[in-house]
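A short write-up of the structure that comes next.
Computed over heavy atoms, backbone and side chain alike; hydrogens, waters and symmetry mates excluded.
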Amino acid sequence: QVELVESGGGLVQPGESLRLSCAASGRFQSISSMAWYRQAPGKQRELVARIINGGDTNYKDPVPGRFSISMDNAKNTVHLQMNNLQSEDTAVYYCNADILLYRILQPQETYWGKGTLVTVAS
């Protein structure tokens with residue numbers, strides 16, 4: 001059983017920073033990619049940033065420059081550094097991972113964390 005656990009959310013004022021973390025645990029071969037999605041009230045879940053094992057990253061506009069995704073392969077952990085947070089960044093942030101399991105048929109599976117709430121308000 002694979003589990004993703006997020007941490008680091010909270011209430012901040014506009015212009016402040018937060019660092020989200022997500023750790024993958026369980027029995028698996030490797031992690032192909034990890035990503036952060038967010039879902040604001042009344043809106044669909046959207047991709048914020050993704051990092052491929054190996055380091056390639058991609059970001060959703062307009063967050064590039066304010067957000068930075070990184071991965072600690074040794075700890076199976078992904079981080080999202082969020083700077084200069086604005087009210088429109090308020091959302092539940094979800095961790096996502098494509099993981100290679102120890103099985104022959106359809107070895108890759110996608111997992112989601114339960115989410116961590118980020119609230120930006122003055």
Side-chain angles (χ1 to χ4, degrees):
Q1 184 73 13
V2 176
E3 187 177 22
L4 302 179
V5 178
E6 302 106 331
S7 61
L11 172 64
V12 296
Q13 295 186 346
E16 294 186 337
S17 298
L18 274 178
R19 187 184 192 225
L20 305 183
S21 297
C22 171
S25 62
R27 187 172 181 270
F28 51 87
Q29 288 194 58
S30 63
I31 298 175
S32 301
S33 68
M34 297 189 84
W36 287 97
Y37 286 72
R38 68 184 181 187
Q39 187 166 18
K43 294 187 177 181
Q44 289 188 334
R45 192 174 298 189
E46 62 180 8
L47 175 68
V48 177
R50 177 176 300 278
I51 185 166
I52 310 298
N53 193 347
D56 289 342
T57 60
N58 62 77
Y59 296 89
K60 174 196 179 298
D61 290 334
V63 301
R66 296 195 297 122
F67 291 7
S68 177
I69 190 170
S70 61
M71 189 168 168
D72 184 337
N73 292 311
K75 296 181 179 180
N76 296 321
T77 299
V78 64
H79 304 288
L80 183 69
Q81 178 66 41
M82 305 186 293
N83 299 324
N84 191 22
L85 284 161
Q86 304 299 315
S87 58
E88 55 264 32
D89 296 316
T90 295
V92 178
Y93 284 70
Y94 296 91
C95 179
N96 164 282
D98 290 328
I99 291 179
L100 200 62
L101 303 174
Y102 287 108
R103 66 188 186 199
I104 297 174
L105 295 178
Q106 296 182 321
Q108 183 154 296
E109 194 157 328
T110 298
Y111 292 88
W112 291 90
K114 294 181 179 179
T116 184
L117 177 62
V118 172
T119 304
V120 185
S122 56

Check whether [X] reaches the backbone of [Y] with its side chain - one donor and one acceptor, N or O, closer than 3.5 Å.
X	Y	result
T90	V120	yes
Y59	G65	no
E46	Q44	no

(message) Regarding K114 and E6, does a basic nitrogen lie under 4.0 Å from an acidic carboxylate oxygen?
(response)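 So K114 does not pair with E6 through a salt bridge.
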What distance separates [X] [atom1] from [Y] [atom2], expressed to the nearest 0.5 Å?
X	Y	atom1	atom2	value
Y93	R38	OH	CZ	4.0 Å
L80	M34	CG	CE	11.5 Å
S68	R19	OG	CZ	9.5 Å
S33	I52	OG	CD1	4.5 Å
N76	C22	CG	SG	10.0 Å
Y111	F28	OH	CZ	9.5 Å

If you take all heavy atoms of [X] and [Y], which pair is closest and at what distance?
X	Y	value
Q108	D98	NE2-CB, 3.8 Å
P14	S122	CD-N, 3.7 Å
R103	E109	NH2-OE1, 2.6 Å
I69	A49	CD1-O, 3.6 Å
T77	H79	CG2-CE1, 3.5 Å

Can you check whether [X] reaches [Y] side chain to side chain, under 4.5 Å on heavy atoms?
X	Y	answer
L101	V2	yes
S25	V5	no
M82	V118	yes
N53	N73	yes

(request) Verify side chain to side chain contact (heavy atoms under 4.5 Å, CB included) between M71 and I31, making sure each step is shown before the conclusion. (result) CA-CA 10 Å; M71 189 168 168; I31 298 175; 3.7 Å; yes
(message) Checking N83 against S17: is there a side-chain donor and acceptor pair closer than 3.5 Å?
(response)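 Yes.
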(request) Give the other cluster members for L47, using side-chain heavy-atom distances under 4.5 Å between Ile, Leu, Val, Met, Phe, Trp and Tyr residues; answer none if it is isolated. (result) Y37, V92, Y94, W112, L117
